[in-house]
Peer 1: 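Here you go, one structure.
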Amino acid sequence: MSDILAPLGPTVTDGPLSQLLAMGGPVMMVLLVMAVLGLITFVYVVLLGALCAPRLSKKLKNIITLWQQNPTEVNPKVVRQQASRWARLNPLHHLVTNTIEARQNNQDDRQVRETSARDAQHGLEPFEAPLKIIEVIAALAPLLGLLGTVMGMMEAFSAMAATEGRANASQLSGGIYEALTTTAAGLVVAIPFAALAAWIEFRLRRIHKLVNSTLVSVLSTTPEAFMDQQEPTGEAAVGAPVQATAKRQRSESQDQKEFETHSSQRFAHATG
């Protein structure tokens with residue numbers, strides 16, 4: 001290991017990092033590479049979440065409220081044109097406008113729901129691959145540390161066997177100490193990345209719940225249903241809101257069940 005670090009200069013070869021790598025051998029080098037990769041992945045997830053994560057902005061809330069109160073006044077094309085650059089990075093903004101436009105075009109309800117669920121899943125896919133990388137690092141780091149310890153113990157006992165049992169206790173304990181270094185390093189790498197993986201998965205579940213509830217609110221309203229509520233008069237006008245409310249509740253229940261089905265499938269795929 002010292003021969004590998006020699007071209008980097010005396011400052012690097014004499015530092016604590018080089019000593020740690022020399023004690024752990026090639027397994028320690030692999031753990032270091034995994035730690036750097038996991039750190040880069042985490043920074044990528046943080047930046048991706050800050051820029052491209054689905055979020056329910058105040059303007060988007062107003063659009064959904066207007067859609068629920070008066071669907072005929074919502075123009076998806078105008079909404080897209082007036083959207084800021086920050087809003088265009090929001091996948092939920094595109095999902096809402098596309099779903100509203102499909103509703104206004106009187107497309108098939110089942111097709112609209114399937115398209116919305118597929119687009120919502122595609123919007124969350126960029127977060128699934130980094131989560132998988134961090135989970136793999138958290139799972140492999142302790143195993144690699146244990147592998148380094150086993151290899152170190154084999155080397156220590158091999159040296160003791162070569163001396164025909166004449167090795168003293170200090171030499172044997174020194175070899176065991178160096179072997180256990182990889183186990184400690186593996187745990188140091190695995191513990192924080194396991195916590196990060198749990199945090200990212202928790203964030204994904206919250207984002208998916210937000211997308212699910214938003215799309216259900218959009219899908220439960222149609223321009224035809226709203227116009228039907230305004231046209232009846234007399235006794236029909238009294239019963240129409242009740243019927244429309246019941247119809248909306250049944251539609252929301254159906255939409256919720258379909259999105260929960262897609263949710264379970266997506267998280268089964270994400271967590272392996």
Peer 1: Less than 4.5 Å apart, side chain to side chain, heavy atoms only: is that true for Asn62 and Lys58?
Peer 2: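 Asn62 vs Lys58: side chains touch.
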Peer 1: Please test Phe193 against Met34 for side chain to side chain contact (heavy atoms under 4.5 Å, CB included), starting from the C-alpha separation and ending with a verdict.
Peer 2: CA-CA 10 Å; Phe193 282 112; Met34 290 177 60; over 6 Å; no
Peer 1: Assigning hydrophobic clusters by single linkage (Ile, Leu, Val, Met, Phe, Trp, Tyr; side-chain heavy-atom cutoff under 4.5 Å), is Leu89 placed with Phe127?
Peer 2: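 In one cluster with Leu89: Phe127, no.
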Peer 1: Please find the pair of heavy atoms, one from Val188 and one from Pro192, that lie closest to each other, and give the distance.
Peer 2: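 Looks like O-CD, 2.9 Å.
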Peer 1: Heavy atoms only: give me the nearest Gln104-Pro76 pair and the separation to one decimal.
Peer 2: OE1-CD, 3.3 Å
Peer 1: Rounded to the nearest 0.5 Å, how far does CD of Gln69 lie from CD1 of Ile64?
Peer 2: 12.0 Å
Peer 1: Please check if any side-chain donor atom of Arg80 sits under 3.5 Å from a side-chain acceptor atom of Asn75, or the reverse.
Peer 2: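 No, because no side-chain N or O of Arg80 sits under 3.5 Å from a partner of the opposite role on Asn75.
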Peer 1: If you look only at distance, which donor and acceptor atoms sit under 3.5 Å apart when one is on a side chain in residues 47-57 and the other is two or more places apart or in another chain?
Peer 2:
| from | atom 1 | to | atom 2 | distance (Å) |
| --- | --- | --- | --- | --- |
| Arg55 | NH1 | Leu51 | O | 3.4 |
| Arg55 | NH1 | Ala53 | O | 3.0 |
| Arg55 | NH2 | Trp86 | O | 2.8 |
| Ser57 | OG | Leu60 | N | 3.3 |

Peer 1: What's the separation between atom CZ in Arg103 and atom CD in Gln107, rounded to the nearest 0.5 Å?
Peer 2: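 Going from the CZ atom of Arg103 to the CD atom of Gln107 covers 10.0 Å.
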Peer 1: List the steps, then state whether side chain to side chain contact (heavy atoms under 4.5 Å, CB included) holds for Lys59 with Val79.
Peer 2: CA-CA 10 Å; Lys59 186 175 182 179; Val79 173; 5.7 Å; no
Peer 1: How far apart are the closest heavy atoms of Ala197 and Leu131, and which atoms are they?
Peer 2: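 For Ala197 and Leu131, the tightest heavy-atom pair comes out as O-CD1, 3.5 Å.
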Peer 1: Measure the shortest side-chain to side-chain distance between Arg113 and Leu215 over non-hydrogen atoms and say whether it is less than 4.5 angstrom.
Peer 2: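 Answer no - side chains too far apart.
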Peer 1: Drop me the distance from Ile133's CD1 to Thr41's OG1, to the nearest 0.5 angstrom.
Peer 2: 4.5 Å
Peer 1: Return the NE2 to OG distance between His208 and Ser213, rounded to the nearest 0.5 Å.
Peer 2: 10.5 Å
Peer 1: Output all residues satisfying side chain to side chain contact (heavy atoms under 4.5 Å, CB included) with Thr115, sequence neighbours left out; order by chain, then residue number.
Peer 2: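 Partners of Thr115 by the side chain to side chain contact (heavy atoms under 4.5 Å, CB included) criterion, ordered by chain and then number, come out as Gln111, Arg118, Asp119.
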Peer 1: Within the distance-only criterion (no hydrogens, no angle test), does the side chain of Trp67 pair as donor or acceptor with the backbone N or O of Ile100 below 3.5 angstrom?
Peer 2: no
Peer 1: Answer with yes or no whether the hydrophobic clustering places Leu143 together with Leu187; edges join I, L, V, M, F, W, Y residues whose side-chain heavy atoms lie under 4.5 Å apart.
Peer 2: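 Cluster IDs for Leu143 and Leu187 differ.
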Peer 1: Would you tell me whether Asn212 and Thr214 have side-chain atoms, one donor and one acceptor, within less than 3.5 Å of each other?
Peer 2: no
Peer 1: Would you call Glu201-Lys132 a salt bridge at under 4.0 Å N-O?
Peer 2: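 Salt bridge absent between Glu201 and Lys132.
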Peer 1: Do Leu124 and Leu210 belong to the same hydrophobic cluster, where Ile, Leu, Val, Met, Phe, Trp and Tyr are linked whenever their side-chain heavy atoms lie under 4.5 Å apart, directly or via other members?
Peer 2: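 Linked, Leu124 and Leu210 end up in one cluster.
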Peer 1: Treat each ILVMFWY residue as a node, draw an edge where side-chain heavy atoms are under 4.5 Å apart, and state whether Met153 and Leu146 are in one component.
Peer 2: no
Peer 1: Determine whether Lys77 and Thr97 make a side-chain contact, defined as any pair of heavy atoms from C-beta on separated by less than 4.5 Å.
Peer 2: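 No, their side chains stay 4.5 Å or more apart.
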Peer 1: Identify the two heavy atoms, one from Thr149 and one from Thr182, that lie closest to each other, and give their separation to 0.1 Å.
Peer 2: N-OG1, 2.9 Å
Peer 1: For the atom pair OG (Ser116) and CD (Gln121), what is the distance rounded to the nearest 0.5 Å?
Peer 2: 13.0 Å
Peer 1: Could you measure the distance from the CG atom of Asp109 to the CG atom of Leu219? Nearest 0.5 Å is fine.
Peer 2: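 So the CG of Asp109 and the CG of Leu219 are separated by 8.5 Å.
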Peer 1: Answer yes if Leu147 and Leu140 sit in the same cluster of Ile, Leu, Val, Met, Phe, Trp and Tyr residues linked by side chain heavy atoms under 4.5 Å apart, and no otherwise.
Peer 2: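 Yes, Leu147 and Leu140 fall within the same hydrophobic cluster.
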Peer 1: If only side-chain N and O atoms count, and only distance matters, is there a donor-acceptor pair under 3.5 Å linking Glu73 with Asn70?
Peer 2: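 Checked: Asn70/Glu73 side chains pair up, N/O donor to acceptor below 3.5 Å.
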Peer 1: Which heavy atom of Ala87 sits nearest to which heavy atom of Ala83, and what is that distance?
Peer 2: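 Heavy atoms only, the tightest pair is CB-CB, 4.1 Å.
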Peer 1: Would you call Ile200 and Glu135 a side-chain contact if the rule is heavy atoms closer than 4.5 Å?
Peer 2: no
Peer 1: What is the minimum heavy-atom distance between Val211 and Ala120, and which atoms define it?
Peer 2: CG1-CB, 3.7 Å
